[in-house]
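Before any comments, here is the structure.
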Amino acid sequence: TLERSWADRAVASCERALQLNQGSPEVQVTLGNIHKATGRYADAIGDFEQALKRRQDNPDALLGLAEAYESAGKLTESEQAYRQAIALRPSFWGGYNKLGVFYYNQGQYAPAVEMWRRVTELTPDNTRGYYNLGAAYFRIGRFDDAIAAYHRSITIQPNAAAYSNLGTVHFYIGKYQEA
């Protein structure tokens with residue numbers, strides 16, 4: 001979360017920018033992100049909705065709205081906003097990644113696998129896509145696939161998350177030496 005004084009200054013700057021540039025969707029998105037980061041989810045939802053009124057094809061506003069809905073416990077609305085953002089930019093890996101995180105957080109691991117598999121198709125050099133995919137495979141008991149995904153992530157670029165999770169899988173399946 002943002003330190004309160006910095007958040008207040010950022011909100012004031014955004015409000016001033018909105019006065020100068022009436023209803024700028026970019027400023028509304030920034031304001032929404034600040035409100036979301038400070039736990040003011042209803043305000044964030046309003047900000048993102050304002051941005052979308054001015055520019056309906058704004059994927060950043062849709063992704064921010066989806067995250068704000070999720071944080072506010074509005075899961076149906078959240079999933080719908082994630083899907084709208086993906087529809088706007090189907091070649092952008094970030095929307096699939098965020099929807100994968102959404103599904104994973106809801107315990108829906110099979111749909112998370114599908115989203116993260118799409119991330120790795122769109123960006124085959126994306127370490128995050130592979131270690132996220134490994135986590136979802138682990139949750140559904142596909143341990144060999146999880147190990148392969150973590151190894152792929154490490155091959156692209158060694159990273160602590162993949163090494164740690166790889167060790168966890170090996171430990172879980174009783175391969176203590178590998179762990």
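Not measured: the values here are computed from a predicted model.
Taking the side chain as every heavy atom from C-beta outward, T155 and R152 approach each other to under 4.5 Å. With contacts defined as side-chain heavy-atom distances shorter than 4.5 Å, the pair Q106/E70 qualifies. At a threshold of 4.5 Å between non-hydrogen side-chain atoms, the residues L99 and I86 count as touching.
Neither I156 nor I154 shares a network with the other; the hydrophobic side chains, linked directly or stepwise wherever heavy atoms of I, L, V, M, F, W or Y lie under 4.5 Å apart, form separate groups for each. Taken together through direct or relayed side-chain contacts under 4.5 Å among Ile, Leu, Val, Met, Phe, Trp and Tyr, Y137 and V119 form part of one hydrophobic cluster. In the hydrophobic clustering of this structure, F171 does not group with I140; members are Ile, Leu, Val, Met, Phe, Trp, Tyr whose side-chain heavy atoms approach within less than 4.5 Å, directly or through other members.
Of all heavy-atom pairs spanning S153 and A162, the tightest one is OG-CB, 3.7 Å. Minimum interatomic distance between L88 and P59 (heavy atoms only, all atoms of both residues): CD1-N, 4.1 Å. Heavy-atom minimum distance, A72 versus I45: CB-CD1, 4.2 Å. Closest heavy-atom contact between A81 and A66: CB-CB, 3.6 Å. Listed here is the closest heavy atom pair of H151 and L166: CE1-CD2, 3.8 Å. Here the closest non-hydrogen pair linking V113 and A136 is CG2-CB, 3.5 Å.
Scored by the side chain to side chain donor-acceptor pair (under 3.5 Å) test, D57 finds R55 as partners (sequence neighbours excluded). Annotation: side chain to side chain donor-acceptor pair (under 3.5 Å) contacts of E49 (sequence neighbours excluded): Y69. For Q84, there are no side chain to side chain donor-acceptor pair (under 3.5 Å) partners, not counting sequence neighbours. The side chain to side chain donor-acceptor pair (under 3.5 Å) check on T123 picks up N126, with sequence neighbours excluded. The ring-ring contact (aromatic ring centres under 6.0 Å, His included) test applied to F138 returns F143, Y172, not counting sequence neighbours. Not counting sequence neighbours, the partners of Y82 by the ring-ring contact (aromatic ring centres under 6.0 Å, His included) test are F102.
Annotation: the span from Y96 atom OH to E121 atom CD amounts to 9.0 Å, rounded to 0.5 Å. Within the model, atoms OG of S78 and CZ of R83 stand 11.0 Å from one another, a figure rounded to the nearest 0.5 Å. Between atom OG1 of residue T76 and atom CD of residue E79 there is a gap of 7.5 Å, rounded to the nearest 0.5 Å. The distance from atom CD1 of I173 to atom OG1 of T168, rounded to the nearest 0.5 Å, is 11.5 Å. One finds the CZ atom of F48 at 10.0 Å from the CG atom of L62 (value rounded to the nearest 0.5 Å). Separation of atoms CG (N97) and OG1 (T120) is listed at 11.0 Å; rounding is to 0.5 Å.
With 3.5 Å as the limit, one finds no donor-acceptor pair spanning the side chains of E114 and Y103.
No donor-acceptor pair under 3.5 Å is formed between the side chain of W116 and the backbone N or O of Y130. Here the side chain of N159 pairs a donor or acceptor atom with the backbone of Q157 at under 3.5 angstrom. Judged by distance alone, the side chain of S71 and the main-chain N or O of A68 form no donor-acceptor pair under 3.5 Å. Within the 3.5 Å criterion, the main-chain N or O of H35 finds a donor-acceptor partner in the side chain of T38.
The aromatic ring centres of Y150 and Y131 sit 6.0 Å or more apart.
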Task: Y104/R139 under side-chain hydrogen bond (donor to acceptor under 3.5 Å, both in side chains): CA gap, chis, key distance, verdict - done: CA-CA 9 Å; Y104 189 89; R139 290 292 191 161; 3.1 Å; yes
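Residue R128 qualifies as open at atom CZ: its count of foreign heavy atoms under 6.0 Å is 12 or below. Environment of CD in Q56: sparse, with no more than 12 heavy atoms of neighbouring residues, nucleotides or ligands closer than 6.0 Å.
For the side-chain contact (heavy atoms from CB on, under 4.5 Å) criterion with L65, the lone passing option out of D47, L52, D60, V29 is L52.
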